[in-house]
Amino acid sequence: MREIFAGMPWWVKWVAVPVIALVLFGGLIASVIGFVIGLLFKVLLFVALVGGLIFVVRKFMSSSSSRSDW
């Protein structure tokens, strides 16, 4: 394989081959990237919701304990 590419011009190695690969595998690459971005978004949303729940529970618990002091 290396010998085949050795005789080719630079633009074949650095332009034509990546373009062909993107055309052939572009849909697969886009779906994998979309899946990863969607997964990261869901993980961040989960972390934000759990953090908000913990904040609300702590706020509620601290306000209910201060009422019992009266």
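Atoms CG and CG, from Leu28 and Leu22 in turn, are 11.5 Å apart once rounded to the nearest 0.5 Å. Taken to the nearest 0.5 Å, the CG atom of Leu39 stands 10.0 Å off from the CG atom of Leu44.
Results of the side chain to side chain contact (heavy atoms under 4.5 Å, CB included) test with Ile54 over Val56, Val50, Val57 single out Val50 as the only residue that passes.
Residue Ile20 is grouped with residue Phe25 when hydrophobic side chains (ILVMFWY) are merged at heavy-atom distances under 4.5 angstrom, including chains of intermediate members. Hydrophobic cluster membership is shared by Trp14 and Val12, with clusters built from Ile, Leu, Val, Met, Phe, Trp and Tyr side chains linked at under 4.5 angstrom. Hydrophobic clustering, with ILVMFWY side chains joined whenever heavy atoms are under 4.5 angstrom apart, keeps Ile37 apart from Val47.
Counting all heavy atoms, side chain and backbone alike, Lys13 lies closest to Met8 at CE-O, 3.9 Å.
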